[in-house]
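To start, the structure under review is shown below, and the notes come after it.
Just so it is clear, the structure is predicted and the values come from calculations on it, not from any experiment. So you know, we letter chains A, B, ... as the sequences are listed, proteins then strands, and number each from 1.
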Amino acid sequence: MLENTFSTAGGNGQTFPNRTLSRRSVLKFGGTAMAAGVFAPALAACSSGSGSGSTSSSSKDLSYVIMGTSTYSPIWDAESKQFQALFPGTKLNRIAIPAPTWSAYVDDLKVRIASGLVPDIIQVATEGMYTLAATGILHPLNDYIATDKTYIDSYYADVNPNFPDWLKLTSPPGSEVYYLPGEDQSMCMWLNMKLFRAAGISAPGEDWTWDDFLAIARRIKSKTGAYAYTCDYGSYQGIQPWLQTNGGNQMSADWKTVTMDTPENAEAAEFVRMLVQDGLAVAPSPSFDDFAYQAKGKVAMVGCGRWEIIEARQYQVVDDLQIVQFPIKKQHGSPVGWDSYGISTTSPNKDLAWNFLKYLTSVEYNKTFAQLPSPAIPARTSIATSSLFTANSPAGTTELLKALDYSTPIPSPINNDAIENTLQTGWADIVTGSVSVSAGLQQLQEKMSEQLAS
Amino acid sequence: MARMSVRETRGGTVRIRPRHTASGPGRRTDTARARRRQETLAGYLFIGPATVLFIVFLGGPLLAALIFSFTDWQLLGPIHFVGLSNFRSLFSAQVLQIFGNTFYFTFGSIVLHIVPGFCLAALVVRLRSKTLKYIIQTMYVAPFLLGYASAALLWEYMLNPSFGPVPYYLHKIGLTLPFAGLLNSPAWAMPTLLGVDEWATFGFLFLVLVAGIQQIPEELYEAASLDGAGPLRQMFRITIPLSAPTIFYAIIVNFILAFQIFTPMYIMTNGGPLGRTESMVQYIYQQAFQSFQIGTASALAVASFIIIALLTVVQFTLGVRLVRRATGYSEAGR
């Protein structure tokens with residue numbers, strides 16, 4: 001697919017001259033080729049922000065880059081069909097990056113952009129929004145938004161009201177708007193109700209606490225032998241909810257300062273570490289598949305966003321699951337992330353690209369997204385609360401929407417992937433007992449601060 | 001194309017000379033020149049593809065890394081020359097620890113591959129049953145064919161402290177492992193990765209060593225046997241000395257591959273716990289493609305290249321001496 005999408009530079013018909021070839025001339029030719037090979041990527045990168053060509057080749061072609069694997073093909077195929085029905089003759093060239101996390105996706109995207117491969121439309125989640133906007137590769141959408149004010153206003157009236165504030169956080173200073181927000185993601189606790197029933201426990205209420213969680217965990221372990229919880233390696237689902245429900249976070253609200261060494265975070269770390277040490281929770285592991293074990297009845301509770309629905313349907317355990325809010329210590333809390341779409345400055349088809357962005361925010365697209373095996377919550381509340389989204393989903397699916405009301409955007413400064421990697425590794429060291437809580441958090445504070453500043 | 005004649009030279013190389021058949025001194029000179037030109041062109045065309053591949057995939061990136069190591073390039077943005085400042089990061093405590101980890105893994109891997117690999121290879125070659133020989137060889141080579149990423153994922157599951165069969169059965173026989181598992185233990189994580197590496201890649205060097213030992217003429221063993229030499233004596237007086245070039249080759253290959261280790265750390269431990277399993281290539285990857293500190297990553301890559309090159313030269317020099325001593329080969333006796 002990439003070969004079809006990205007045009008390559010044509011050869012210049014270089015031939016050897018008809019004379020005796022000396023070693024010197026061959027070396028000279030080789031040296032030139034080597035220099036071209038060395039400097040071409042750098043030159044492409046330097047020019048990527050200010051005028052390298054788009055990957056589209058005709059006025060009806062649109063290239064767009066998104067995250068995902070072939071699992072999401074039904075969504076992509078449906079959206080292509082719908083958009084082509086609206087704009088006949090349009091050819092959509094999709095570039096899917098199968099990254100394990102949004103931060104890794106942004107890394108991949110940056111490498112492609114540095115190579116001069118800039119598509120017309122770029123999908124990016126919270127984790128990379130600020131980074132990409134700050135590089136100057138995105139075209140401000142203010143004029144388009146002003147022209148389609150009525151439509152955009154109606155769209156914002158149907159999405160979570162926190163979006164305008166969240167978008168300010170993910171944009172560089174100034175009045176420019178670079179993205180239209182799309183699907184979002186909050187964090188809740190997914191319960192295997194078979195295990196709960198086996199342990200004689202009913203699903204907890206909305207305001208259940210860490211103490212309730214601990215009592216349930218102990219009962220499940222003693223009555224069923226199953227693990228109560230898995231400490232996911234990912235910061236979004238494995239670390240952030242514990243910090244936020246205790247009033248902590250990894251960074252200040254403006255993402256300018258690391259705040260790992262706070263008493264709230266220490267208390268959260270102690271709690272999770274105790275879960276692992278007492279054998280109630282599975283220790284964090286980079287490649288552990290939580291959902292598979294929950295589906296098999298080996299784990300009772302998994303912290304997760306909407307994305308577990310895909311595996312839940314694959315394993316046919318949707319009816320055994322129930323979604324509840326994350327347990328609280330001081331307050332409700334959840335990280336929130338969302339997909340966004342921007343247009344590259346180099347796109348020759350900005351008007352058509354804008355129409356595609358509008359389509360991705362439309363009721364029709366949201367309906368399609370909600371019905372397919374969608375890994376996130378449709379942006380439009382009217383669709384996310386409808387039976388289109390909640391059908392064939394676990395009980396309590398709308399809790400994911402409720403969580404959006406008190407969610408905090410996942411900290412996503414520039415250099416986010418490196419910081420996230422440090423956080424995940426350091427947190428795993430703490431909860432597995434390799435280092436004391438205070439020393440571990442202090443190390444994280446120092447290393448993450450250093451990375452934030454670099 | 002002119003007809004060629006081939007003859008042995010004193011140095012042992014083969015020289016190919018065109019045999020001139022044209023008559024007349026002027027014509028002969030022109031023809032010879034044309035042939036030379038053709039041969040030169042043909043030569044360059046033959047080495048052309050390899051040269052292009054070298055420039056694009058090896059020489060170019062190597063030169064690029066050298067240039068970028070003196071810059072502060074962060075991929076999207078301008079490039080500034082920063083002198084040697086990227087090389088100063090080589091002496092930070094973190095990088096020194098990572099070099100330590102890498103050397104630990106490298107030397108551990110060499111010992112674990114070469115010593116048992118050689119003993120097993122010597123044993124397998126002397127087996128009378130061909131079937132048993134093939135079964136053993138296949139058994140040891142099979143994990144190597146699996147691919148390192150698959151092997152790492154497999155062993156992460158096998159060693160999982162909650163659900164893995166290894167901790168389960170070790171517990172059954174009374175061995176208590178760290179509660180968070182071997183891969184989360186600062187003391188055990190690296191030895192565990194060495195074990196996984198042994199399982200996953202042992203087959204390759206084992207095959208190399210088998211091939212080397214098989215080259216030793218059977219008559220030498222028969223003669224030694226007639227002279228009353230037992231298996232141990234045969235091993236130390238025939239097998240080891242005559243396999244010395246193969247052993248030396250295996251050590252160098254093992255050193256180069258192990259120093260560049262990445263996959264098991266990336267998949268199984270992500271460099272943890274406490275950075276005890278973070279390898280140099282993994283750190284270079286993180287610096288280049290997560291932090292986008294291309295300058296720092298390039299400096300580290302250049303330093304690693306130099307270390308590998310230097311140590312290979314040292315090993316080569318020592319190895320040649322040892323091989324000469326072991327095989328009784330000397331300059332005078334050539």
Exercise. So which bits of residues 80-87 of chain B come within less than 4.5 Å of chain A, counting non-hydrogen atoms only?
Worked result: none

For this session: For P286(A) and I267(B), work out which heavy atoms get closest and say how close.
Result: CB-O, 3.6 Å

Seminar exercise, completed: Closest heavy-atom pair, T432(A) versus A180(B), reported as atoms and distance to 0.1 Å, is CB-CB, 3.5 Å

Taking everything shown except [X] itself, do over 12 heavy atoms lie less than 6.0 Å from its [atom1]?
| X | atom1 | value |
| --- | --- | --- |
| K298(A) | NZ | no |
| W188(B) | CH2 | no |
| Y233(A) | OH | yes |
| Q94(B) | CD | yes |

Problem set entry | For chain B, the option from V431(A), N421(A), I414(A) that forms the most heavy-atom pairs under 4.5 Å | N421(A)

Return a table of donor-acceptor pairs under 3.5 angstrom between the side chains of residues 287-295 of chain B and protein atoms on other chains or two or more places apart.
from	atom 1	to	atom 2	distance (Å)
Q287(B)	NE2	Y283(B)	OH	3.4
Q290(B)	NE2	D417(A)	OD2	3.4

For this session: Look at the side chain of S434(A) and the backbone N and O of N184(B), then say whether any donor-acceptor pair between them is shorter than 3.5 Å.
Result: yes

Exercise. Taking P186(B), G48(B), G275(B) one by one, which has the highest count of heavy-atom pairs under 4.5 Å against chain A?
Worked result: P186(B)

Which bit of [X] comes within less than 4.5 Å of chain B, counting heavy atoms only: side chain, backbone, both or neither?
| X | result |
| --- | --- |
| Q277(A) | both |
| S103(A) | neither |
| K447(A) | side chain |
| D429(A) | side chain |

Using residues 153-165 of chain B as the side-chain source, report each donor-acceptor pair under 3.5 Å to any protein atom, sequence neighbours left out, with the distance given to one decimal.
from	atom 1	to	atom 2	distance (Å)
E156(B)	OE1	S287(A)	OG	3.0
E156(B)	OE2	S285(A)	OG	2.3
E156(B)	OE2	S287(A)	N	3.3
N160(B)	OD1	S162(B)	N	2.8
N160(B)	OD1	F163(B)	N	3.0
S162(B)	OG	Y227(A)	OH	3.4

Seminar exercise, completed: When rounded to the nearest 0.5 Å, the distance separating CG of L76(B) from CG of L132(A) is 8.0 Å

For this session: Name all pairs fulfilling the salt bridge (Lys or Arg N to Asp or Glu O under 4.0 Å) condition that reach into residues 277-294 of chain A, sequence neighbours left out, sorted by first residue then second.
Result: R218(A)-D278(A)

